[in-house]
Amino acid sequence: MTSSSSVIHHPACVLVTGGAGFIGSNFLLRMVRRYPNVQFVNLDKLTYAGNLMNLTAIEDAHNYQFVQGDVADAALVQELFATRGFTTVVHFAAESHVDRSILAPLAFVQTNTMGTVTLLEAARHAWADRDDDPARYRFFHVSTDEVFGSLGDDGFFSEETAYDPRSPYSASKAASDHFVRAYAHTYGLPVSISNCSNNYGPYQFPEKLIPLVIMNALHERPVPIYGKGDNIRDWLHVHDHCDAIDVILRRGTPGETYLVGGNNERSNLDLVTMLLDQVDEVLGRPAGTSQQLITFVKDRPGHDFRYAIDATHLRDALGWQPQYSPEDGLRATVNWYLDNQPWLDAVNDASYRAYYEQQYAAR
Ligand code: NAD
Ligand code: TYD
């Protein structure tokens with residue numbers, strides 16, 4: 001397999017999977033405008049988490065096209081590879097919520113594992129001539145730090161950390177990472193993998209902690225904190241994650257893994273407390289009002305205690321660093337959701353409310 005840091009990949013036609021979701025839509029909004037000479041095809045099934053409203057700013061762009069479909073639909077995926085001439089895949093599509101994976105794991109195996117293998121199969125056949133030019137193609141797999149399991153009070157995940165997934169979500173993502181590496185090793189497929197910490201920013205579905213807190217505070221509903229709120233996550237602004245993917249895609253060494261993190265660890269309780277203060281400030285409520293909404297609920301089964309990333313490799317090899325300070329990024333995010341209440345109202349539909357009820361019934 002080719003492995004040289006001097007191999008620069010120049011995407012010409014990019015298949016973006018899951019581009020109507022949180023990170024995928026932020027990626028497309030940035031890249032379609034940043035690279036007008038590159039074609040982008042967004043393949044998304046439009047599950048509850050996919051929302052074309054996220055993409056209205058680029059829906060008429062000359063270099064963007066949407067295809068509704070399932071990444072695990074082999075016939076569709078093969079046809080797209082045969083007819084579109086993809087040079088590049090950026091694979092975001094996934095079932096992404098740990099709590100849903102605890103309620104119903106099979107959809108996670110189907111999309112995250114089977115879907116990834118379906119894409120890998122299509123890419124290895126379509127790119128059979130890749131030995132002519134090793135830089136011509138790239139399969140970028142977007143993964144998570146959750147594949148590494150849970151840390152105690154000290155230490156960081158790095159590229160050398162052994163896999164130890166502990167939820168159905170992280171197990172299905174770990175399986176997909178293993179398949180991506182197996183295709184690189186066995187078939188010489190030019191791949192990149194990134195494992196990123198928790199993202200935050202615009203267009204995140206409000207089943208995840210940060211938009212959930214903002215939405216519930218806005219409507220003066222209880223803000224659920226699992227257990228004692230002492231679990232720790234590292235938070236990275238989604239724009240910084242998208243820019244890391246862009247850098248790795250173009251200049252990363254084929255076959256390598258890069259860990260992406262925000263150097264921004266917070267306990268859930270600290271984070272929620274800060275967000276609620278910001279909501280009060282923006283809405284002009286007396287300081288401390290929304291803190292009363294905090295409600296401690298039964299813990300998530302198997303709840304990983306701490307995630308933290310050592311992103312030295314990405315910084316030293318490719319010069320990437322987060323551009324958002326944690327304070328500015330979180331404040332901008334609170335403002336975004338409070339300025340975009342129609343978006344929150346639209347995704348907070350009957351099916352979401354049914355899920356939310358089910359989540360509470362499970363606790
Ligand atoms: P998301 O749930 O917001 O979006 C997922 C998107 O994939 C949706 O648009 C959905 O419609 C689409 N999708 C789901 N199943 C599909 C299928 N079978 N075929 C085609 N499309 C399908 O997820 P996200 O938070 O944007 O995460 C994107 C990727 O980044 C995932 O692979 C996730 O594991 C990874 N990741 C997420 C985070 C995070 O904090 N959100 C952190 C690290 C890595
Ligand atoms: P989440 O946003 O679901 O991301 P992940 O589980 O992938 O890290 O949750 C972030 C943290 O917040 C996690 O420790 C679980 C916790 N949490 C709550 O305390 N309350 C909630 O309502 C949710 C959704 C999460």
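Order of listing sets the numbers, starting from 1, for every ligand and every atom in it.
The shortest separation from a heavy atom of G19 to ligand 1 is not under 4.0 Å, leaving the residue out of contact. At least one heavy atom of Y169 lies less than 4.0 angstrom from ligand 1. By the 4.0 Å heavy-atom criterion, S194 is excluded from the residues contacting ligand 1.
The shortest N/O to N/O separation between E207 and ligand 2 does not fall below 3.5 Å. An N or O contact shorter than 3.5 Å links S96 to ligand 1 by distance. Below 3.5 Å of separation, one finds no N or O of H241 facing any N or O of ligand 1. Residue N231 has no N or O atom closer than 3.5 Å to an N or O atom of ligand 2. The N/O atoms of V98, backbone and side chain alike, include none that comes under 3.5 Å of an N/O atom in ligand 2. Taking any N or O of K173, backbone or side chain, at least one lies under 3.5 Å from an N or O belonging to ligand 1. Between K45 and ligand 1, at least one N/O pair is under 3.5 Å apart. For T47, a nitrogen or oxygen atom sits less than 3.5 Å from a nitrogen or oxygen atom of ligand 1, counting backbone and side chain alike. Considering backbone and side-chain atoms together, V71 places an N or O closer than 3.5 Å to an N or O of ligand 1. Between N268 and ligand 2, an N or O atom pair is found at a separation short of 3.5 Å. Considering both main-chain and side-chain atoms, S143 never comes within under 3.5 Å of ligand 1 through any nitrogen or oxygen pair. Looking at ligand 1, you'll find an N or O of D70 within less than 3.5 Å of one of its N or O atoms. Residue contacts with ligand 1: G21 is placed with a nitrogen or oxygen under 3.5 Å of a nitrogen or oxygen of the ligand (distance criterion only). Distances between N or O atoms of F92 and those of ligand 1 include at least one value under 3.5 Å.
Given atom 27 (O) of ligand 1, the protein heavy atom at minimum distance is I23 CD1, 3.8 Å. Looking only at protein heavy atoms, the nearest one to atom 25 (O) of ligand 1 is F22 CD2, 3.6 Å. The nearest heavy-atom contact from the protein to atom 2 (O) of ligand 2 is L209 N, 2.9 Å. When only non-hydrogen protein atoms are considered, atom 25 (C) of ligand 2 lies nearest to Y226 CE1, 3.6 Å. At the shortest separation from atom 20 (N) of ligand 2 among protein heavy atoms lies P224 O, 2.9 Å. When hydrogens are left out, the protein atom nearest atom 8 (O) of ligand 2 is R233 NE, 2.7 Å; that is the closest non-hydrogen contact. T111 CG2, 3.5 Å is the protein heavy atom nearest to atom 15 (N) of ligand 1.
The minimum heavy-atom distance between V279 and L338, with the atom names listed, is CA-CD1, 4.3 Å.
Relative to atom 9 (O) of ligand 2, the option among K208, R300, R266 with the closest non-hydrogen atom is R300. Of the candidates A93, G201, G50, A94, A94 brings a heavy atom nearest to atom 14 (C) of ligand 1.
Only side-chain heavy atoms of L212 come within less than 4.0 Å of ligand 2; its backbone N, CA, C and O stay farther off. The proximity of S197 to ligand 1, defined as any non-hydrogen pair under 4.0 Å, is limited to the backbone. Proximity of N198 to ligand 2, defined as any heavy-atom pair under 4.0 Å, is confined to the side chain (atoms from C-beta onward). Residue contacts with ligand 1, taken as heavy atom pairs separated by less than 4.0 Å, do not involve Y203 at all. When heavy-atom distances to ligand 2 are checked against a 4.0 Å cut-off, E146 comes that close only through its side chain, counted from C-beta outward. At a heavy-atom distance under 4.0 Å, only backbone atoms of L46 (N, CA, C or O) approach ligand 1.
Side-chain N or O atoms of D234 include one that pairs as donor or acceptor with a backbone N or O of N263 at under 3.5 Å. A distance-only check finds a donor-acceptor pair linking the side chain of N199 to the backbone of S197 [under 3.5 Å]. A donor-acceptor pair is defined here as one N or O able to donate and one able to accept, closer than 3.5 Å; no such pair exists between the side chain of S158 and the backbone of D310. Proximity of a side-chain donor or acceptor of N264 to a complementary backbone N or O of L236 within less than 3.5 Å is not detected.
A salt bridge is absent between K45 and E95: the closest approach of a Lys/Arg side-chain nitrogen to an acidic carboxylate oxygen does not fall below 4.0 angstrom. Under a 4.0 Å N-O distance rule, the pair R306/D153 does not qualify as a salt bridge. Taking 4.0 Å as the cut-off between side-chain N and carboxylate O, K173 and E146 do not count as a salt-bridged pair. Comment: R34 engages D246 in a salt bridge, judged by a side-chain N to carboxylate O separation of less than 4.0 angstrom. Using a 4.0 Å cut-off between charged nitrogen and carboxylate oxygen, E256 and R138 do not count as a salt-bridge pair. Electrostatic pairing of R233 and D145 does not count as a salt bridge here, judged by no charged N lying under 4.0 Å from a carboxylate O.
Of all atoms in ligand 2, listed by their number and element, those nearer than 4.0 Å to a heavy atom of H303 are 13 (C), 14 (O), 15 (C). Each of the following atoms of ligand 2 lies closer than 4.0 Å to a heavy atom of H97: 3 (O). Counting atoms of ligand 2 from 1 in the listed order, those under 4.0 Å from a heavy atom of I225 are 19 (O).
For the atom pair N42 CG and Y64 OH, the distance stands at 4.0 Å (nearest 0.5 Å).
Note: Y163 and H178 have tilted aromatic rings, judged against thresholds of 30 and 60 degrees for the angle between ring planes. Between Y200 and H237, the two ring planes are perpendicular [angle over 60°; tilted spans 30° to 60°]. The aromatic rings of Y355 and H97 stand perpendicular to each other, their planes meeting at an angle above 60°, with 30° marking the opposite boundary. Aromatic ring orientation, W127 versus Y137: parallel (interplanar angle below 30°, classes split at 30° and 60°).
Partner Y203 forms a ring-ring contact (aromatic ring centres under 6.0 Å, His included) with one of W336, F22, Y337, F27 and no other, that one being W336.
There is a side-chain donor-acceptor pair under 3.5 Å between Q291 and D277. In this structure, a donor-acceptor pair under 3.5 Å is absent between the side chains of R84 and Q39.
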